[in-house]
Amino acid sequence: MLQCTAVTDVPFHEALLALASMEGGPEHPPDVLAEDEFLLCELSEQGEAAEHAAHLWTVDVPGEDRDLWLLWAGVGTHRVYRFADLPLCPALLRGLATRTVTSCAYFDHHPGPHSWAVTDPLGDLITQHFHGEVQRLTAENDGNDQDTESP
């Protein structure tokens with residue numbers, strides 16, 4: 001399933017208050033959030049009436065498995081925001097052949113499929129482009145090294 005494409009501007013002052021007042025939040029909230037920041041919904045594609053969600057902060061308290069999320073619904077002047085300190089989704093994907101375990105990156109009782117079933121085509125395209133550039137630069141460097149090593 002594809003990732004949702006809903007984007008929202010972050011209500012900056014409310015976000016700073018949520019980050020500053022949470023247990024295990026950042027020591028200096030303005031360092032982790034820009035005033036003109038926008039966030040993309042991390043959940044799967046949803047209908048227009050659905051509540052969207054973007055991860056803001058991972059709580060830094062031993063034994064606590066919860067994160068701060070920005071949730072929003074509506075568009076334009078009818079957009080409604082809320083900040084929620086939510087427990088992590090307990091779902092695990094176990095790869096029996098590889099003995100790997102993947103945790104769902106979303107909050108508990110999230111709508112739609114778990115994070116491992118959601119694909120981000122734009123993120124995949126950016127990653128592919130980045131890897132191509134690294135390979136190109138590595139090949140150029142290898143070519144330059146060969147030129148300087150020749151007798």
Side-chain angles (χ1 to χ4, degrees), residues 1-139 141:
M1 177 160 271
L2 294 177
Q3 182 176 340
C4 181
T5 57
V7 176
T8 189
D9 56 325
V10 177
F12 183 68
H13 298 289
E14 294 89 340
L16 289 181
L17 180 61
L19 286 164
S21 62
M22 69 180 294
E23 183 184 2
E27 287 185 27
H28 193 251
D31 290 346
V32 298
L33 191 64
E35 191 164 351
D36 56 352
E37 192 154 342
F38 285 82
L39 294 174
L40 175 67
C41 179
E42 297 180 34
L43 304 174
S44 63
E45 289 180 310
Q46 309 170 65
E48 288 182 23
E51 187 173 52
H52 302 284
H55 180 264
L56 277 181
W57 186 257
T58 299
V59 173
D60 187 18
V61 175
E64 293 285 330
D65 289 331
R66 54 192 175 86
D67 294 335
L68 180 65
W69 289 80
L70 168 62
L71 299 118
W72 74 95
V75 294
T77 58
H78 301 288
R79 183 166 292 161
V80 177
Y81 298 97
R82 71 183 177 102
F83 294 91
D85 186 354
L86 300 170
L88 300 179
C89 178
L92 301 172
L93 176 64
R94 297 181 187 277
L96 299 178
T98 59
R99 297 181 185 241
T100 58
V101 177
T102 304
S103 300
C104 179
Y106 302 150
F107 51 89
D108 199 11
H109 301 296
H110 59 84
H114 297 291
S115 61
W116 57 75
V118 178
T119 58
D120 177 8
L122 179 58
D124 293 344
L125 185 61
I126 291 169
T127 301
Q128 181 181 4
H129 177 74
F130 176 77
H131 286 296
E133 284 298 302
V134 168
Q135 289 174 345
R136 183 183 65 78
L137 292 171
T138 303
N141 286 341

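Just so it is clear, the model here is predicted, and its values are computed rather than measured. For reference, positions follow the sequence shown, starting with 1.
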S.K.: What's the spacing between Leu70 CG and Arg82 CZ if we round to 0.5 Å?
M.R.: 10.0 Å
S.K.: Looking only at heavy atoms, what is the nearest atom pair of Asp108 and Pro90, with distance?
M.R.: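 Heavy-atom minimum between the residues: OD1-CD, 3.2 Å.
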S.K.: How many angstroms lie between atom NE2 of His114 and atom OG of Ser103, to the nearest 0.5 angstrom?
M.R.: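 Between His114 NE2 and Ser103 OG, I get 11.0 Å after rounding to 0.5 Å.
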S.K.: Drop me the distance from Asp36's CG to Asp9's CG, to the nearest 0.5 angstrom.
M.R.: 10.0 Å
S.K.: Could you give the distance from NE2 (His28) to CG (Leu16), rounded to the nearest 0.5 Å?
M.R.: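 Result: 9.0 Å between the selected atoms.
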S.K.: So, for Phe107 and Leu86, which heavy atoms are closest and what is the spacing to 0.1 Å?
M.R.: CG-CD1, 3.5 Å
S.K.: Can you confirm whether more than 12 heavy atoms, excluding those of Gln128, are under 6.0 Å from its CD atom?
M.R.: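 Open: at most 12 neighbouring heavy atoms sit under 6.0 Å from CD of Gln128.
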S.K.: CG of Leu93 to OG1 of Thr100: how many Å apart, nearest 0.5 Å?
M.R.: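 Spacing of CG (Leu93) from OG1 (Thr100) equals 7.0 Å.
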S.K.: At their closest point, which heavy atom of Leu88 faces which heavy atom of Asp67, and how far apart are they?
M.R.: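 So the minimum-distance heavy-atom pair works out to CD2-OD2, 3.0 Å.
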S.K.: What pair of heavy atoms forms the shortest contact from Pro111 to Leu43, and how long is it?
M.R.: CG-CD1, 3.8 Å
S.K.: For the residue pair Tyr81 and Trp72, what are the closest heavy atoms and their distance?
M.R.: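 Heavy-atom minimum between the residues: CD2-CB, 3.8 Å.
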S.K.: One pair to check against side-chain contact (heavy atoms from CB on, under 4.5 Å): Thr119 and Leu2. What are the steps and the verdict?
M.R.: CA-CA 5 Å; Thr119 58; Leu2 294 177; 3.5 Å; yes
S.K.: Show your working on side-chain contact (heavy atoms from CB on, under 4.5 Å) between Asp60 and Glu27 and close with a plain yes or no.
M.R.: CA-CA 10 Å; Asp60 187 18; Glu27 287 185 27; over 6 Å; no
S.K.: For Met22 and Trp57, run side-chain contact (heavy atoms from CB on, under 4.5 Å): C-alpha distance rounded to whole Å, both residues' side-chain angles, the deciding distance at 0.1 Å, then the answer.
M.R.: CA-CA 10 Å; Met22 69 180 294; Trp57 186 257; 4.0 Å; yes
S.K.: Please give me the minimum heavy-atom distance between Leu92 and Trp116, naming the atom from each residue.
M.R.: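 Heavy atoms only, the tightest pair is C-CH2, 3.7 Å.
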S.K.: Ignoring hydrogens and geometry, is there a side-chain-to-backbone donor-acceptor pair from Glu42 to His55 under 3.5 Å?
M.R.: yes
S.K.: Apply the test side-chain contact (heavy atoms from CB on, under 4.5 Å) to residues His52 and Arg79: give CA-CA distance (whole Å), side-chain angles for both, the deciding distance (0.1 Å), then the verdict.
M.R.: CA-CA 11 Å; His52 302 284; Arg79 183 166 292 161; over 6 Å; no
S.K.: May I ask you to check whether over 12 heavy atoms, not counting those of Arg136, lie within 6.0 Å of atom CZ?
M.R.: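 Yes, enclosed.
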